[in-house]
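Working notes for the structure below.
Within every chain, numbering begins at 1; the chains are lettered A, B, ... in the order of the sequence lines, protein sequences first and strands thereafter. If you're wondering where the values come from, they're calculated on a predicted model, not measured in any experiment.
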There are 2 protein chains.
Amino acid sequence: MLDEIIAKITSEYGTLSNEIIEEWKSDILMLELEKGTQLVREGSYTNKLFYIYKGSAKAYHLKDGKAIADWFSFEHEFICAITGYFLGRPSEHYIELTEDSILLEFNRKHINILSNTYHDFERFTRNAITKIMLQLQKRVVYLQFSTAKERYDFLLQEYPKIELHISLGDIASYIGITQETLSRIRAQK
Amino acid sequence: MLDEIIAKITSEYGTLSNEIIEEWKSDILMLELEKGTQLVREGSYTNKLFYIYKGSAKAYHLKDGKAIADWFSFEHEFICAITGYFLGRPSEHYIELTEDSILLEFNRKHINILSNTYHDFERFTRNAITKIMLQLQKRVVYLQFSTAKERYDFLLQEYPKIELHISLGDIASYIGITQETLSRIRAQK
DNA sequence: AGTCGAATTTGATCTATATCAAAAGATTTC
DNA sequence: GAAATCTTTTGATATAGATCAAATTCGACT
């Protein structure tokens with residue numbers, strides 16, 4: 001199964017030779033965990049990157065005691081504690097599974113070694129980061145100046161089935177509105 | 001002067017051999033342009049990336065006829081029409097100089113060729129994109145759930161001297177508030 | 001199936017910030 | 001250096017969405 005997942009990943013982010021793939025595989029963990037499992041805790045030093053094969057996860061942080069969702073990850077997407085992973089600082093986020101999931105776990109150190117050793121792997125990494133960057137760019141645009149309804153419509157366009165996987169409260173915080181407001185928007189559809 | 005600028009860039013994003021630098025230089029344009037010059041127009045196919053050596057620039061788009069600032073770039077920072085440059089689609093942004101400026105212009109094609117040819121250049125590119133990604137991440141966090149004042153304070157922390165370079169209206173739109181609100185926030189300091 | 005706790009909905013009220021409008025200050029231009 | 005234009009400030013009002021509170025629905029567990 002791992003080979004199959006890796007094939008899917010490389011088809012999206014860039015081909016890798018068998019040699020590289022074998023070396024990469026030597027440090028990949030494959031996990032099957034249940035809904036609610038915390039992959040990363042705020043304040044922890046984390047150097048892990050995850051890839052969701054089945055299921056879904058969320059990254060969130062607390063503001064005034066309330067959870068605010070920062071990032072969702074569904075099947076075939078990556079997720080990490082962004083500031084922790086890229087800056088080597090204590091994580092500002094929690095990461096938690098929102099459904100029973102099968103996922104891969106990678107290590108920053110090993111990823112960096114591979115990137116430094118193999119040009120192809122470096123390109124692969126760049127492509128993955130570029131995708132994250134473009135997703136963030138889109139979010140900034142709609143968070144900057146749009147109504148609650150516009151934000152929600154935009155999110156549904158990006159993730160038409162998000163409601164099957166993520167609770168109303170988490171969705172609301174992700175688009176920067178309260179859950180009451182989101183509930184009312186839904187009601188008048 | 002070009003060598004000096006390149007030295008500054010590579011010190012930040014990753015060392016490059018003289019060979020690579022020479023090849024890179026063969027396709028760099030150095031421009032001296034005045035405030036208000038449009039570097040990129042919305043709807044145009046653009047494959048240009050800019051680096052501000054002196055001065056500043058903004059990327060913006062129009063919503064309901066009003067300009068909304070998306071990205072500012074000051075001395076020693078890059079700027080491009082993000083969707084145009086990375087996705088090869090017509091630009092969703094205008095880019096305009098906000099002061100008289102000296103800047104470098106790069107070409108996506110040449111950047112890509114260099115990235116494909118030289119592992120070091122690929123790493124260099126990845127570092128630059130990672131920085132952009134992290135900046136966007138920060139913006140998302142404060143756009144998601146914070147008051148007008150919190151946004152403004154955060155921006156000042158990031159760019160303490162922004163008011164010397166960017167107009168109140170542009171700053172307001174960048175943090176997602178109206179200029180009247182920003183003016184009132186300033187008044188009560 | 002019935003109980004308990006969590007998630008969602010609905011209602012009433014409040015408030016931060018938008019909107020509209022006009023005045024005051026700056027900056028550019030000829 | 002006066003006119004014209006652009007930017008910022010100030011004032012009055014409107015409103016989207018927050019907040020607080022309670023009722024309802026949904027799901028998990030025994």
Side-chain angles (χ1 to χ4, degrees), chain A residues 33-38 55-56 58 60 62-69 72 94 96-101 142-156 161-189, chain B residues 33-38 55-56 58 60 62-69 72 94 96-101 142-156 161-189:
Chain A
L33 298 167
E34 61 183 19
K35 180 175 176 175
T37 306
Q38 287 210 334
S56 58
K58 65 176 174 187
Y60 66 97
L62 298 178
K63 178 167 182 178
D64 307 329
K66 282 181 203 154
I68 296 181
F72 297 125
Y94 297 84
E96 192 179 308
L97 295 179
T98 44
E99 298 173 289
D100 292 352
S101 304
Y142 80 74
L143 284 175
Q144 210 172 354
F145 264 113
S146 45
T147 62
K149 179 151 192 323
E150 284 170 336
R151 293 169 190 213
Y152 182 59
D153 289 342
F154 180 84
L155 184 71
L156 283 186
K161 293 182 181 167
I162 195 169
E163 324 219 325
L164 303 177
H165 307 285
I166 305 288
S167 73
L168 176 132
D170 283 345
I171 292 176
S173 75
Y174 183 74
I175 59 178
I177 65 178
T178 61
Q179 53 176 331
E180 291 93 333
T181 297
L182 180 52
S183 175
R184 283 182 246 262
I185 287 171
R186 269 191 188 169
Q188 60 195 157
K189 282 243 168 185
Chain B
L33 298 167
E34 62 183 15
K35 179 176 176 174
T37 305
Q38 288 209 332
S56 57
K58 65 177 173 185
Y60 66 96
L62 298 179
K63 178 168 180 176
D64 307 328
K66 281 182 204 155
I68 296 181
F72 297 125
Y94 298 83
E96 193 178 306
L97 295 178
T98 43
E99 298 174 288
D100 294 350
S101 303
Y142 80 75
L143 284 175
Q144 211 173 352
F145 266 112
S146 45
T147 63
K149 182 154 190 321
E150 284 170 336
R151 293 169 190 213
Y152 182 59
D153 289 343
F154 180 85
L155 185 71
L156 283 186
K161 294 182 180 166
I162 195 168
E163 324 220 323
L164 303 176
H165 306 285
I166 305 289
S167 72
L168 175 132
D170 283 345
I171 292 175
S173 75
Y174 184 74
I175 58 177
I177 64 177
T178 61
Q179 54 177 330
E180 291 94 332
T181 298
L182 180 52
S183 175
R184 283 182 247 261
I185 287 170
R186 268 192 191 168
Q188 60 194 155
K189 283 242 165 182

Whole-Å distance separating the [atom1] atom of [X] from the [atom2] atom of [N]:
X: I171(A); N: dT9(C); atom1: CD1; atom2: P; answer: 10 Å
X: I177(A); N: dA16(C); atom1: CD1; atom2: P; answer: 20 Å
X: R151(B); N: dA18(C); atom1: CZ; atom2: P; answer: 8 Å
X: L168(A); N: dG27(D); atom1: CG; atom2: C1'; answer: 16 Å
X: F145(B); N: dA16(C); atom1: CZ; atom2: P; answer: 16 Å
X: L164(A); N: dA7(C); atom1: CG; atom2: P; answer: 18 Å
X: R186(B); N: dT10(D); atom1: CZ; atom2: P; answer: 12 Å
X: L182(B); N: dA16(C); atom1: CG; atom2: C1'; answer: 15 Å

Given axes from five pairs at either end, by how many degrees does the helix from dA1(C)-dT30(D) to dC30(C)-dG1(D) bend, rounded to 10°? 60°
Decide yes or no for F145(B) and S173(A): does some side-chain heavy atom of the first lie under 4.5 Å from some side-chain heavy atom of the second? yes
Heavy-atom check, side chain of K63(A) versus side chain of S146(B), under 4.5 Å: yes
Choose from [options] the nucleotide whose nearest atom is closest to any side-chain atom of [X].
X: T147(A); options: dT10(D), dG17(D), dT8(D); answer: dG17(D)
X: A187(A); options: dG17(D), dT8(C), dT10(C); answer: dT10(C)
X: S183(A); options: dT9(D), dT9(C), dG17(D); answer: dT9(C)
X: T178(B); options: dT10(D), dT9(D), dT19(C); answer: dT19(C)
X: E180(B); options: dT9(C), dC20(C), dT8(D); answer: dC20(C)

Look at the side chain of R184(B) and the base of dT19(C), then say whether one donor and one acceptor between them are separated by less than 3.5 Å. yes
Of all residues at least two apart in sequence or in a different chain, which pass the side-chain hydrogen bond (donor to acceptor under 3.5 Å, both in side chains) check with Y94(B)? E42(B)
So what does G176(B) hit on the nucleic acid, given a heavy-atom distance under 4.0 Å: a base, only sugar-phosphate, or nothing? sugar-phosphate
Counting only side-chain nitrogens and oxygens, does T181(A) get under 4.0 Å of the OP1 or OP2 atom of dG17(D)? no
Checking L155(A) against R151(A) for the side chain to side chain contact (heavy atoms under 4.5 Å, CB included) test, could you report, in this order, the C-alpha distance in whole Å, the side-chain angles of both residues, the deciding distance, and whether it holds? CA-CA 6 Å; L155(A) 184 71; R151(A) 293 169 190 213; over 6 Å; no
Around K35(B), counting heavy atoms of other residues, nucleotides and ligands shown, do more than 12 lie under 6.0 Å from its NZ? no
I'd like to know if the side chain of S56(B) and the backbone of T98(B) have a donor-acceptor N/O pair within less than 3.5 Å. no
Spell out, as yes or no, whether a donor-acceptor pair under 3.5 Å connects the side chain of E163(A) to the backbone of L168(A). no
